[in-house]
Engineer: 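Have a look at this one.
Side-chain atoms are counted along with the backbone in the values below, which use heavy atoms only and exclude waters and symmetry mates. We count ligands from 1, going down the list as the structure has it; atoms in each ligand are counted the same way. What you are looking at is a predicted structure, and each value in this text was computed from that prediction instead of being measured.
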Amino acid sequence: MRFDVVTLFPEMVQDCAVNGVTGRAIKQGLVDLSVWNPRDYSVDRHKTVDDRPYGGGPGMVMKYQPLKDAVDQARQSVDVKQVKVVYLSPQGKPIKQQLLNECTDLDQLILIAGRYEGVDERFIEDECHEEWSLGDFVISGGELAALVVIDAVSRLLPGVLGDEESAKQDSHMNGLLDCPHYTRPEVVNNKVVPDVLLSGNHKGIALWRMKQSLGRTYQKRPDLLLDKELTAQQQALLEEFKIELKCK
Ligand code: 4GY
């Protein structure tokens with residue numbers, strides 16, 4: 001899969017993406033990353049990419065033309081079928097695991113990282129298929145949001161994670177929060193590791209983990225349980241968790 005980021009800070013994106021899981025995916029040839037700087041497509045002698053907002057007010061707005069030409073180059077640099085252009089902003093659709101899962105079918109995902117007060121609305125309307133948000137807060141530019149999307153989608157691609165660290169086990173892949181994890185030593189601050197995890201009983205461990213996932217979701221993110229169908233076994237595990245909670 002190929003990612004293209006349109007950004008005034010191409011080094012920020014490249015320097016970050018060469019590390020960790022994304023870096024390994026790129027080295028393995030499972031992911032391609034290209035960056036496109038609108039400044040390289042500015043046509044005036046000052047290489048202008050922004051201008052004052054119509055109607056007045058503080059800050060600057062990214063101009064349509066340098067952005068449009070940068071996206072066109074990104075599109076024309078490969079001949080593939082499934083292409084999506086996404087603008088990242090707090091006005092976008094909140095990013096959920098499901099949305100990212102659907103991206104794994106794409107050949108090319110073009111991410112637009114805005115700066116200043118944002119980009120000319122006509123660019124969003126006419127050149128972007130979708131607008132996505134990390135959440136209800138503001139960061140200084142779309143680069144970090146683009147990196148989040150690249151990381152989250154890359155780790156879903158076949159071969160990127162080893163069998164050991166498989167994405168299938170991740171929190172949210174099943175619509176639930178992750179279970180607690182423990183490693184050595186067996187006692188920390190007088191707290192012992194839950195017995196079942198030391199038992200070697202794999203069936204028992206799997207059931208305990210599912211119960212914890214359900215219980216933590218119920219306690220920390222009850223909203224996630226509203227749009228989820230639990231199996232009869234899961235309902236029973238959650239009831240057990242609630243009873244144990246009352247006993248504490
Ligand atoms: N939240 N989710 C977000 C953001 C700020 C474009 C410059 C967010 O995705 N991006 O806060 N982006 C950018 C938006 C103009 C500031």
Engineer: Do me a favour and list the nearest non-hydrogen protein atom to atom 6 (C) of ligand 1 with residue, atom name and distance?
Structural biologist: Tyr87 OH, 3.3 Å
Engineer: By the salt bridge (Lys or Arg N to Asp or Glu O under 4.0 Å) test, which pairs, at least two apart or in different chains, include something from residues 71-82?
Structural biologist: Lys68-Asp72
Engineer: Please report the interatomic distance NE2(His181) to CG(Leu197), rounded to the nearest 0.5 Å.
Structural biologist: 10.5 Å
Engineer: Between Leu147, Ile110, Leu109, Thr22, which is the residue that forms a side chain to side chain contact (heavy atoms under 4.5 Å, CB included) with Phe3?
Structural biologist: Leu109
Engineer: With a cut-off of 4.0 Å, which atoms of ligand 1 are near a heavy atom of Arg115?
Structural biologist: 7 (C), 15 (C)
Engineer: Answer yes or no: is there a side-chain heavy-atom contact under 4.5 Å between Arg2 and Ser77?
Structural biologist: yes
Engineer: Identify the protein heavy atom lying closest to atom 15 (C) of ligand 1, giving its residue, its atom name and the separation to 0.1 Å.
Structural biologist: Gly118 CA, 3.5 Å
Engineer: Give the numbers and elements of all ligand 1 atoms closer than 4.0 Å to a heavy atom of Ala145.
Structural biologist: 9 (O), 10 (N)
Engineer: How far is atom 2 (N) of ligand 1 from its nearest protein heavy atom, and which residue and atom is that?
Structural biologist: Leu134 N, 2.8 Å
Engineer: What residue and heavy atom of the protein are closest to atom 1 (N) of ligand 1, and at what distance?
Structural biologist: Phe137 O, 2.9 Å
Engineer: Give the ring-plane orientation class for Phe123 versus Tyr64, where under 30° counts as parallel, over 60° as perpendicular and anything between as tilted.
Structural biologist: perpendicular
Engineer: Need the ligand 1 atom indices (1-based, order shown) with element for anything under 4.0 Å from a heavy-atom of Val138.
Structural biologist: 11 (O)
Engineer: Consider every N or O of Gly135 and every N or O of ligand 1, then say whether any pair is closer than 3.5 Å.
Structural biologist: yes
Engineer: Taking all atoms of both residues into account, what is the closest heavy-atom pair of Leu214 and Gln234, and its distance?
Structural biologist: CD1-O, 3.3 Å
Engineer: Just to be sure I read this right, does ligand 1 sit under 4.0 Å from the backbone of Ser133, its side chain, both, or neither, counting only heavy atoms?
Structural biologist: both
Engineer: What atoms of ligand 1 come closer than 4.0 angstrom to any heavy atom of Tyr116?
Structural biologist: 7 (C), 15 (C)
Engineer: Return all side-chain donor-acceptor pairs below 3.5 angstrom for residues 239-248, not counting sequence neighbours, or 'none' if the list is empty.
Structural biologist:
residue, atom, partner, partner atom, Å
Glu240, OE1, Lys211, NZ, 2.9
Glu244, OE2, Lys211, NZ, 2.7

Engineer: Is there a polar contact between ligand 1 and Ile139, counting only N or O atoms under 3.5 Å apart?
Structural biologist: yes
Engineer: Starting from atom 14 (C) of ligand 1, locate the nearest protein heavy atom and write down its residue, its atom name and how far away it is, to 0.1 Å.
Structural biologist: Leu88 O, 3.9 Å
Engineer: Check this for me: Asp223, atom CG, are more than 12 non-hydrogen atoms of other residues, nucleotides or ligands nearer than 6.0 Å?
Structural biologist: yes
